[in-house]
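In what follows, a single structure is set out as structure tokens and then discussed.
Residue numbers run from 1 in the order of the sequence given. One-based numbering, in listed order, for ligands and for the atoms of each.
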Amino acid sequence: MTTVRTQGGYAPGRLTVHRTPAELNVVTRALRGAGRKVALVPTMGALHEGHRELIRHARRLPGSTVTAVSIFVNPLQFGSGEDLERYPRPLEADLEVCREEGVELVLTPGVEHMYPPGSDTRLAPGPVADQLEGAVRPGHFAGMLTVVAKLFHIVGPDVALFGEKDYQQLVLIQKMVRDLDFPLHVVGVPTVRESDGLALSSRNIYLSAEDRHRAATLYRALREGAAVSARGADAVLETARAVLAEEPALQVEYLELRDPELGPAPATGRARLLVAARLGTTRLIDNVPVQL
Ligand code: PAF
């Protein structure tokens, strides 16, 4: 393997943590210069099995690929009244997960590194960002795309991996990469679930024991809806709606069937069934593929 000179910022097979974007940028440039590929898993930390799965996908990529993980709770994508302050930040445990999974590079910038004073340029996503999650969380996707675009420039990855759990996020990132000619490939990784079907999320820790049990209804509704897809879109939605209604504590915000790019659902072919609901103070989202 080619020796990579990065002033100590990279040690093959070992985890190196970089605090500033500039430091990591020097390292990934040197790696690419030496013919290595870089895979990036952007995260907000509180790493769970779903993140581990993204990292494992990255590590299975063919060729001599270095896996980088960014850990940054991005204030731009939180609205007022959302959980920015209480969002979990277990940095040491996160670094241990990265070590266990064979990650070689981690970026843990502070807000001052990502958004120094005067940094007020923002990405403007298209109309898809105003629907579904965007209708309930105004500005969320502009903030999310802004940080993802910055991370792409800082790390310069060949591949970036995101979970399908945040399906609208994945669609918008893929679209940004196409629309703005980012020279990288975005990979969507299927959702990792608990044994009762609940999609893994860093926010599941907010659920009380009772709500944790109730939360499984969300996936059951999606699964039972998808199971009647041969009978058409109305049957899918009616079935899913009926299952959701069995759990009165779930306050459903939307249940929608869309095409895979989140346009109107087709009469036949591939579609996506998406749901968002509140359980107490916790918002849950989930989605599944549907073949109409
Ligand atoms: O999915 C997340 O964890 C975040 O939205 C992301 C992509 C890391 C951007 O902050």
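Residue Thr43 touches ligand 1 through its backbone alone, judged by heavy-atom distances below 4.0 Å. When non-hydrogen atoms are compared, ligand 1 lies under 4.0 Å from the backbone of Met44 as well as from its side chain.
Taking a cut-off of under 4.0 Å to the non-hydrogen atoms of Gln169, the atoms of ligand 1 that pass are 1 (O), 2 (C), 4 (C), 5 (O), 7 (C). Taking a cut-off of under 4.0 Å to the non-hydrogen atoms of Gln77, the atoms of ligand 1 that pass are 4 (C), 5 (O), 9 (C), 10 (O). Close contacts between ligand 1 and Val147 involve ligand atoms 9 (C), 10 (O) [criterion: under 4.0 Å to a heavy atom]. Taking every heavy atom of Met144 and a limit of under 4.0 angstrom, the matching atoms of ligand 1 come to 5 (O).
Between Tyr87 and Phe78, the angle of the ring planes goes over 60°, which puts this pair in the perpendicular group of the 30/60° scheme.
Checking Arg214, Arg241, Arg278 one by one against Glu247, the salt bridge (Lys or Arg N to Asp or Glu O under 4.0 Å) holds for a single residue, Arg214. Across Arg270, Arg178, Lys175, a single residue satisfies salt bridge (Lys or Arg N to Asp or Glu O under 4.0 Å) together with Glu261, and that is Arg178.
A single hydrophobic cluster is not seen to contain both Val187 and Val148; linkage of ILVMFWY side chains at heavy-atom distances under 4.5 Å, directly or through other members, places them apart. Cluster annotation: Phe152 is connected to Leu123 through the hydrophobic network of ILVMFWY side chains, with a link wherever side-chain heavy atoms come within less than 4.5 Å.
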